[in-house]
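In what follows, every heavy atom counts, from backbone to side chain, and hydrogens, waters and symmetry copies are set aside.
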Amino acid sequence: MNAFFYYFYNFMRTFFGHIWNVLVAIKDAIIGIFDIRYYMELFNTYKDDLSVFGWIAAIIVHILMLTLLALFIYLVWKGLKIIFRFKVPVVEYEKMKDEVVTLKREIMKANYQKDKILAMKISELGMELNADLLDTPKDLLETDAFDENAGEKNTDEAELSEDEGAVEVIDTKERRFPRLSSVDLFYKDPAYQPPEYDYTITLEEVCINFRNFAASRLGLYYDLEVMKQAFASFGAAKMLILQGISGTGKTSLPYAFGQFIQNPSVICSVQPSWRDRTELFGYYNDFTKKYTETDFLKTLYEAHYYEDPRIVILDEMNIARVEYYFAEMLSILELPREEERFVSVVSNTAASDPELMKEGKIWIPNNIWYVGTINNDDSTFAVADKVYDRAIPIDLDDRAEYFEAPDTPPMRLSYKHMERLYEEAKEKYPVSEENLMLLDKLDKYLIERFRLTFGNRIMRQMKDFVPCYVACGGTEIDGIDFMFAKKILRKFESLGLGFIRDELDGLVVYLDHEFGSENMRISKAYLARLKKMSTS
C-alpha cells in the first residue's frame with residue numbers, strides 16, 4: 001500500500017507541476033510582451049548604427065506593432081463585452097421563455113381570428129354572388145338561356161313545401177360532411193371487425209389496472225384515491241373537471257385513460273376567442289357549400305359506431321367563458337330522456353348527408369365523457385356555478401409519489417359493461433338511511449347558518465356517486481365527504497369569507513359531532529383552508 005501512496009504522490013506532483021510550469025510560462029510570456037524597458041535597451045543598442053532609412057523603417061515597424069497590439073486588445077475587450085452582454089441570468093432566461101410561449105399563443109389567436117374573418121368574408125362574397133345572379137339582365141331573360149318553368153321546377157325540387165313544419169331538403173352534388181361521411185365508409189366496410197371487450201373486470205380492478213398501466217407504460221403516477229374519485233364521477237355525471245396548479249397531470253390523466261382502453265382521447269384546446277357553439281360544432285360555409293367539421297363533431301358522430309368509452313378533453317376550458325361555448329351541451333346532457341339528446345348541426349338536409357344524421361341533427365351518444373381541465377390563475381375566467389353544478393370537480397394540487405407498478409397491458413373496455421357495473425353498484429351499495437338522515441340534518445344546518453342547500457341535483461349526484469365510489473374500493477363516508485367538500489363547501493368561497501369566518505369553526509364541530517372526529521377529513525381540511533383565506 002505504501003508503494004501506491006509513493007506512486008500517487010509522485011504522479012500528482014509531476015502532473016500538477018507541468019500544469020504550473022505552463023501557467024508560469026504564460027505569465028512570463030505576457031510580462032515579456034509588455035516589457036517596455038527591455039525594448040528600450042535593445043533599441044539603444046542599435047540606434048547609433050541606424051541610417052536615415054533605418055530610422056524611418058524602425059519608426060514604421062513600431063507604429064505597426066503598436067497598432068496590431070491595440071487592435072488585439074480592442075478585439076479581446078469587444079469579445080468579453082459581447083459574452084457578458086448575452087449572459088442572461090437564469091431567472092431572466094425563464095421569463096424570456098414564458099414571454100416566447102405567450103407570444104406564440106398570441107400568434108395562434110391572431111391566426112385563428114384571421115381564419116374566422118376570412119371565412120366570414122368568403123361567406124359574404126358567396127351571398128353577394130348569388131344576389132348578383134338573381135339580378136338577371138332583361139335581355140338574358142328573353143333568350144332561351146333562361147327557362148322560367150325550368151327554374152320553377154328546380155325550385156320545387158330543392159324545397160319541401162308540402163307542409164309548413166317540414167325540414168328543407170337541398171340538392172348538392174358534393175358531400176357537405178366529408179369527414180363524417182368517411183366515418184360511415186370506414187365502419188360500413190365489410191373488412192371492419194369490432195374489437196373484443198373484457199366483460200369480466202370490476203370497477204375496482206379498472207381503477208387499479210389503469211393506475212398501474214399509467215405508471216408502468218407511460219411513467220404517469222396518480223394516487224389510487226384520485227382513480228376512485230374519477231371513475232365514480234363517471235357513474236354520476238357526464239362531465240368531470242380536473243383543477244389545480246400546472247404540472248400535476250390534469251390533461252395526462254384522461255389522455256392516459258384513452259391509451260389504456262386503446263381508444264385515444266380527443267383533446268380540444270380551448271382558445272380565448274371562443275364565444276359560441278360554432279367553436280365546437282363547426283359551421284356551414286355558404287361559399288364552399290361544405291360544413292367546417294371539427295374534431296369534436298367527428299368524435300360525437302363516430303362514437304355511434306362502437307361500444308368503447310371515449311373521452312373528450314376540453315383543455316384549459318376556462319381560458320374562455322365555458323357557459324358561452326359549452327352552454328348547449330350542458331343543457332342537452334341534463335335532459336332526463338337519453339333519446340331526446342340531439343344537437344342541431346344544419347337547418348336542412350341533403351341526400352349526401354351522413355347516414356346517422358337525421359334532419360340535420362346528431363344524437364349525443366352515451367359512451368362519451370367530457371373532461372375539462374382548469375388552471376386557476378389571473379389569465380383565466382371564473383367558472384360559473386351552473387357548470388360546477390352539472391360536473392364533478394377533482395382537485396389535483398400536487399404530484400403523486402413514485403411507486404413500483406407491475407407491467408400492465410392496455411385493454412378494450414365496453415361502455416355497456418361499465419354502465420352495467422355502475423347500475424349494479426347503485427343497487428348494491430345505496431347510501432344508508434342513517435347517512436341520508438345525517439345529510440338531511442346537515443342540509444338544514446347549512447340553510448340556517450349559511451343560506452345554502454344541497455338541492456335536488458346535488459343530492460341526485462351524491463346518491464349516484466357514493467355507491468360507485470364504494471364499488472371502486474372506497475367507503476361510503478369518504479364518498480359523502482368528497483361530494484360535500486367539492487359540491488357544497490366550494491360555494492363558500494363566494495359568500496364572503498370574512499363574514500362567515502366564525503361560523504366555519506362551528507361547522508367543523510358539527511361535522512365531528514354528527515359524523516365522527518375521524519371522518520370527513522377532506523371537508524375539514526377544506527374548511528381549514530377557507531379559515532386561513534379569511535384571515536389573510
Verify, without hydrogens or angle tests, whether [X] (side chain) and [Y] (backbone) share a donor-acceptor contact under 3.5 angstrom.
X: Thr380; Y: Asn375; value: yes
X: Asp389; Y: Lys386; value: no
X: Ser233; Y: Ile392; value: no
X: Lys289; Y: Asp286; value: yes
X: Ser182; Y: Arg179; value: yes
X: Lys358; Y: Glu355; value: yes
X: Lys250; Y: Gly372; value: no
X: Thr294; Y: Leu280; value: yes
X: Arg529; Y: Ala525; value: no
X: Tyr222; Y: Met227; value: no

More than 12 non-hydrogen atoms from neighbouring residues, nucleotides or ligands closer than 6.0 Å to [atom1] on [X], yes or no?
X: Phe281; atom1: CZ; value: yes
X: Arg457; atom1: CZ; value: yes
X: Lys361; atom1: NZ; value: no
X: Glu401; atom1: CD; value: no

[X] and [Y]: which non-hydrogen atoms are nearest, and at how many Å?
X: Pro195; Y: Asp308; result: CG-OD1, 4.2 Å
X: Leu203; Y: Ala471; result: CD1-CB, 3.7 Å
X: Asp443; Y: Phe454; result: OD1-N, 3.0 Å
X: Thr373; Y: Asp315; result: OG1-OD1, 2.8 Å
X: Tyr255; Y: Ile313; result: N-CD1, 3.8 Å

For [X] and [Y], test the side chains for any donor-to-acceptor distance below 3.5 angstrom and give the result as yes or no.
X: Glu323; Y: Tyr325; value: no
X: Asn366; Y: Glu338; value: yes
X: Asp464; Y: Tyr422; value: no
X: Thr292; Y: Asn285; value: no

| Going through the checks in order, is the side chain to side chain contact (heavy atoms under 4.5 Å, CB included) test met by Asn367 and Glu307? | CA-CA 7 Å; Asn367 56 335; Glu307 286 188 24; over 6 Å; no
Going by heavy atoms in the side chains, are [X] and [Y] under 4.5 Å from each other?
X: Ile368; Y: Arg310; value: yes
X: Val343; Y: Arg277; value: yes
X: Ile362; Y: Met357; value: yes
X: Ile522; Y: Phe484; value: no

| task | Could you go through the side chain to side chain contact (heavy atoms under 4.5 Å, CB included) check for Leu220 and Leu253 one step at a time? | result | CA-CA 8 Å; Leu220 300 173; Leu253 193 154; over 6 Å; no
| said: Pair Lys298, Glu302 - check salt bridge (Lys or Arg N to Asp or Glu O under 4.0 Å), show working. | reply: CA-CA 6 Å; Lys298 181 176 180 290; Glu302 188 177 12; 3.4 Å; yes
| query | Between Phe186 and Tyr305, is a ring pair (Phe, Tyr, Trp, His ring centres under 6.0 Å) present by the stated rule, with each step listed? | reply | CA-CA 10 Å; Phe186 176 80; Tyr305 282 104; 9.2 Å; no
| Hey, are Asp395 and Arg490 close enough for a salt bridge, meaning a charged N less than 4.0 Å from a carboxylate O? |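 Salt bridge between Asp395 and Arg490, a charged N being under 4.0 Å from a carboxylate O: no.
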Roughly how far, to the nearest 0.5 Å, is the [atom2] atom of [Y] from the [atom1] atom of [X]?
X: Arg175; Y: Leu180; atom1: CZ; atom2: CG; value: 11.0 Å
X: Ser414; Y: Tyr199; atom1: OG; atom2: OH; value: 4.0 Å
X: Trp369; Y: Leu333; atom1: CH2; atom2: CG; value: 13.5 Å
X: Lys463; Y: Ile458; atom1: NZ; atom2: CD1; value: 13.0 Å
X: Met239; Y: Met329; atom1: CE; atom2: CE; value: 9.0 Å
X: Gln243; Y: Tyr388; atom1: CD; atom2: OH; value: 3.5 Å

| request: Check step by step if side chain to side chain contact (heavy atoms under 4.5 Å, CB included) holds for Val387 and Ile241. | output: CA-CA 9 Å; Val387 180; Ile241 294 178; 4.2 Å; yes
| message | Applying salt bridge (Lys or Arg N to Asp or Glu O under 4.0 Å) to Glu339 and Arg337, what does each step give before you reach the verdict? | response | CA-CA 6 Å; Glu339 60 272 16; Arg337 298 177 60 185; 2.8 Å; yes
| query | Pick one: which of Asn212, Asp407, Thr408 meets side chain to side chain donor-acceptor pair (under 3.5 Å) with Arg217? | reply |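 Among Asn212, Asp407, Thr408, the one meeting side chain to side chain donor-acceptor pair (under 3.5 Å) with Arg217 is Asp407.
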| request: Apply the test ring pair (Phe, Tyr, Trp, His ring centres under 6.0 Å) to residues Phe257 and Phe231: give CA-CA distance (whole Å), side-chain angles for both, the deciding distance (0.1 Å), then the verdict. | output: CA-CA 11 Å; Phe257 181 67; Phe231 283 100; 5.3 Å; yes
| message | Let's go through Leu335 and Phe342 carefully: what are the C-alpha distance in whole Å and the side-chain angles of both, what is the deciding distance for side chain to side chain contact (heavy atoms under 4.5 Å, CB included) to 0.1 Å, and is it a yes or a no? | response | CA-CA 10 Å; Leu335 293 175; Phe342 281 88; over 6 Å; no
| Does Arg211 make a cation-pi contact with Phe403 (under 6.0 Å, within 45 degrees of the axis)? |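 Yes, a cation-pi geometry holds between Arg211 and Phe403.
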